[in-house]
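Just below is one structure, and these are the notes that go with it.
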There are 2 protein chains.
Amino acid sequence: MPLLQPGQALTLWQRALLAQVHNADPDLTVRQMTILLTVYLNPPPHTVRGLAEYLGVTKPVISRALDTMGTMGLVRRKRDEQDRRNVLILRTVDGSLYLQRLGDLIIETAGEVGI
Amino acid sequence: MPLLQPGQALTLWQRALLAQVHNADPDLTVRQMTILLTVYLNPPPHTVRGLAEYLGVTKPVISRALDTMGTMGLVRRKRDEQDRRNVLILRTVDGSLYLQRLGDLIIETAGEVGI
DNA sequence: GCAAACTGATACGGTCCCGAAACAACACGT
DNA sequence: ACGTGTTGTTTCGGGACCGTATCAGTTTGC
């Protein structure tokens, strides 16, 4: 018997999204959230082109998402001095905290659902 | 030791969102997805006002989301004949299939992550 | 030195979403 | 019957996002 069953999975998903909607913080797009998680969970370095390929979206999508999340302080841009065409996407303290809260939220929700 | 740990939770979240981004299907907003899950997981009846309160958003948000998801065939509207001011939000076969696929996707992702 | 290739950012036109306010349809108490 | 309150929808101005095409800066190979 699997630890996670379909009904539980959807309930977990609903509760976690609901908490996020309730939260007054500005909502991140599904794409933005995926970019943020990728930057913090996958090993660096991260570039615009690399993220665009990984997510299967166009480069402007990444560029604009970095603008938005940069303003929010969730990520940071830095020129690659080895190859000045590249832009490296770096993590920030605020971004780490943001995702830490998200992780705690999912864990807490999972507990309530009985996972 | 909890079954689900913070790192695993975020990885699960990332992989599931990534699969959703990769999928060519038109993306649902976080709010729209939450509405859809609520309609299918919480016991009926569902009204515009009820959903707006439950999600903590304004009524127009619900009304417009129902327009969009109605066009996609994910939910259906029906006048309440008991009190014709109300609109009941009903489930559809397509909506059930959509969420079933989402549930399977999360389960599958969880398996890959080792949950 | 210079043209071609590459990387990330930007301009443009279009679509969708948002919040506040106004609106139409309906129920209910007097 | 009629005014009040309720419910859901629509309108309006504004903002964010998207995809395509284009642009500026940098590297690479001849």
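Keep in mind that the numbers below use all heavy atoms, side chains included, and drop hydrogens, waters and symmetry copies. A note on names: the letters A, B, ... follow the listed sequences, proteins ahead of strands, and every chain is numbered from 1.
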Side chains of A:Asn23 and A:Leu105: does their closest heavy-atom pair fall under 4.5 Å?
-> no
Which comes earlier along DNA chain D counting from the 5' end, the contact point of A:Asp80 or that of B:Leu66, where each point is its nearest nucleotide?
-> B:Leu66
Measure the distance from CD1 on B:Ile62 to C1' on C:dC17 and round it to the nearest whole Å.
-> 13 Å
Whole-Å gap separating P (C:dT7) and CD1 (A:Ile89) | 13 Å
Got A:Tyr98 and A:Tyr40 here, is their nearest side-chain heavy-atom distance under 4.5 Å?
-> no
Can you check the A:Met69 CE to C:dA9 P distance for me, whole Å?
-> 12 Å
Short side-chain N/O contact from B:Arg84 to OP1 or OP2 of C:dA25, under 4.0 Å | no
Counting only side-chain N and O atoms of A:Arg49, is one of them less than 4.0 Å from OP1 or OP2 of C:dT7?
-> yes
Give the rounded distance in Å between these two atoms: CG of B:Leu55 and C1' of C:dC18.
-> 15 Å
Are the side chains of B:Leu28 and B:Met72 in touch, meaning some heavy atoms are under 4.5 Å apart?
-> yes
Return yes if the base of C:dG8 and the side-chain atoms of A:Arg64 contain a donor-acceptor N/O pair under 3.5 Å, otherwise no.
-> no
Below 4.5 Å, heavy atoms only, C-beta onward: do B:Gln32 and B:Thr68 meet side chain to side chain?
-> yes
Protein-nucleotide distance (B:Lys78, atom NZ; D:dT7, atom P), rounded to Å = 19 Å
Give a yes-or-no answer on whether the side chains of B:Gln14 and A:Thr38 include a donor-acceptor pair shorter than 3.5 Å.
-> yes
A:Thr58 side-chain N/O to D:dG19 phosphate OP1/OP2 under 4.0 Å = yes
Is the shortest side-chain N/O distance from A:Asn86 to OP1 or OP2 of C:dG8 below 4.0 Å?
-> yes
At under 4.0 Å, does any side-chain N or O of A:Gln32 touch on OP1 or OP2 of D:dC17?
-> yes
Let me know the distance between NZ of B:Lys59 and P of D:dT11, rounded to the nearest Å.
-> 16 Å
Flag side-chain contact, heavy atom, 4.5 Å: A:Thr71 against A:Asp67 = no
Does A:Arg31 have a side-chain nitrogen or oxygen under 4.0 Å from the phosphate oxygens OP1 or OP2 of D:dG19?
-> yes
Touch class at under 4.0 angstrom, heavy-atom based, for B:Val61 against every strand present | sugar-phosphate
Choose from D:dT7, D:dA21, C:dA21 the nucleotide whose nearest atom is closest to any side-chain atom of B:Arg85.
-> D:dT7
Check the distance between C:dC18's C1' and B:Asp67's CG and give it to me in whole angstrom.
-> 14 Å
Is any side-chain nitrogen or oxygen of A:Thr68 closer than 4.0 Å to OP1 or OP2 of D:dC17?
-> yes
Residue B:Arg77, side-chain atoms from C-beta onward, closest of D:dT9, D:dC17, C:dA9 = D:dT9
Give B:Arg79 one of three labels, base, sugar-phosphate or nothing, depending on what nucleic acid heavy atoms sit under 4.0 Å from its own.
-> nothing
Protein-nucleotide distance (B:Ile35, atom CD1; D:dG8, atom P), rounded to Å | 13 Å
